[in-house]
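Accompanying notes for the structure given below.
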Protein chains: 2
Amino acid sequence: MTVTVPAAGSRALPHPVREDIRLEGVLHALSDPLRLQIVRRLAEAGRELSCSCFDLPVSKSTTTHHFRVLREAGVIWQVYRGTAKMNDVRRDDLDTLFPGLIDSVLDAAARQAARTATG
Amino acid sequence: MTVTVPAAGSRALPHPVREDIRLEGVLHALSDPLRLQIVRRLAEAGRELSCSCFDLPVSKSTTTHHFRVLREAGVIWQVYRGTAKMNDVRRDDLDTLFPGLIDSVLDAAARQAARTATG
DNA sequence: GCCGTACTATGACGACTATCGTACTAGCTT
DNA sequence: AAGCTAGTACGATAGTCGTCATAGTACGGC
């Protein structure tokens, strides 16, 4: 798979280029409750968030794992800023490839959360 | 999990009731290439199709397995008609729970297929 | 009743997944 | 330089998943 080339000396991370993002991979990445929750919070924030500001009920290494799955599926973009690793939803790429998909999933997740809370 | 009760003497199959359909389960069910293909053909047909009219590149038991995953996730409805087992997308339930989701996924799948074919 | 068609159930197998703990690295702060 | 913070790499483990083959069940037609 083609990936972006890390600049020499930096700590850039490998991401799939837009054309290599697969629908099946995106759906699989979003089918895990924890990862769906991560993407929801990221989308809600509308800006970069560090891994550490998510208080997930799993260990640090498991957290790292889930963020990597999301990055490798093309759902999020990750970049180092000092010791922190910032995360952002790949809105432009995803909306170009699959118009409306992310919005539908986020809306569905919000509805389900509301349903669970009130029901 | 609550399921529909098979009528006595029939061969009705257990389906989750609408309220028990989980977004994560739906996304997971759709994240397999074969299952996504099944749902696409079913949606395209717009009517019930038997399992046997899908010519999937896997064995019969694997085919059965994939249809069951789709049914248990709440994506399709299955009913026996004689020896045939008919399948249909659970449009009403899915569109009520997650408006626009299935359409977005189907549209995304169609775009990806077109991209792959021409690219 | 017997046969064919359509699908299931069971058990197996290899691959992948989610999880963890421990040990480690990179960068900031003092 | 020393220490703290954020995150990684590695190995282990238990569980799930996709696949198959074999043997079996349910229904319709002859």
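- No donor-acceptor distance shorter than 3.5 angstrom exists from the side chain of A:Arg22 to the backbone of A:Ala73, with no hydrogens or angles considered.
- Residue contacts for A:Arg81: at a heavy-atom cut-off of 4.0 Å it reaches no nucleic acid atom on any strand shown.
- Taking only side-chain nitrogens and oxygens, B:Thr62 comes nearer than 4.0 Å to OP1 or OP2 of D:dC20.
- The side chain of A:Ser52 contributes an N or O atom lying less than 4.0 Å from OP1 or OP2 of D:dG7.
- Rounding to whole angstrom units, CG of residue B:Leu56 and P of D:dC20 are separated by 11 Å.
- Along DNA chain C, the nucleotide closest to B:Cys53 and the one closest to A:Val69 are compared, and the more 5′ of them pairs with B:Cys53.
- One interatomic measurement links the two molecules: NZ of A:Lys60 to C1' of C:dC20, which rounds to 13 Å at whole-angstrom precision.
- Considering only side-chain atoms of A:Leu34, the nucleotide from C:dA6, D:dG7, C:dT19 that sits closest is C:dT19.
- At whole-Å resolution of the value, CZ in A:Phe54 and C1' in D:dA6 are 14 Å apart.
- Following rounding to the nearest Å, A:Asp55 (CG) and D:dA6 (P) show an atom-to-atom distance of 12 Å.
- The phosphate of C:dA9 (OP1 or OP2) has a side-chain N or O of B:Arg68 nearer than 4.0 angstrom.
- Between A:Thr83 and the phosphate of D:dA6, there is no side-chain N or O to OP1/OP2 separation shorter than 4.0 Å.
- Checking each of B:Asp95, B:Asp93, B:Asp88 against B:Arg91 for a salt bridge (Lys or Arg N to Asp or Glu O under 4.0 Å) leaves exactly one that passes, namely B:Asp95.
- Spacing between atom CE of B:Met86 and atom P of C:dC7 amounts to 9 Å, rounded to whole angstrom units.
- For A:Arg35 (side chain) and A:Ala29 (main-chain N/O), a donor-acceptor pair under 3.5 Å exists by modelled atom type.
- A:Arg71 contributes no side-chain N or O that, together with a main-chain N or O of A:His15, makes up a donor-acceptor pair within less than 3.5 Å.
- Here the C1' atom of nucleotide C:dT19 and the CZ atom of A:Phe67 are 16 Å apart, to the nearest Å.
- Look at CG on A:Leu27: it is 17 Å from C1' on D:dC17, rounded to the nearest Å.
- Closest contact between the side chain of A:His66 and the listed nucleotides C:dT19, C:dC7, D:dT22 involves C:dT19.
- Among the nucleotides C:dT17, C:dC7, D:dG18, the one closest to the side chain of A:His28 is C:dT17.
- A side-chain donor-acceptor contact under 3.5 Å links B:Ser59 and B:Thr62.
- Straight-line distance from the CD atom of B:Gln37 to the C1' atom of D:dG18: 15 Å, rounded to whole Å.
- Comparing A:Gly82 and B:His65 by the nucleotide of DNA chain C that holds the closest heavy atom to each, the one mapping nearer the 5' end is B:His65.
- Among D:dA6, D:dA21, C:dC20, the nucleotide with an atom closest to any side-chain atom of A:Ser59 is C:dC20.
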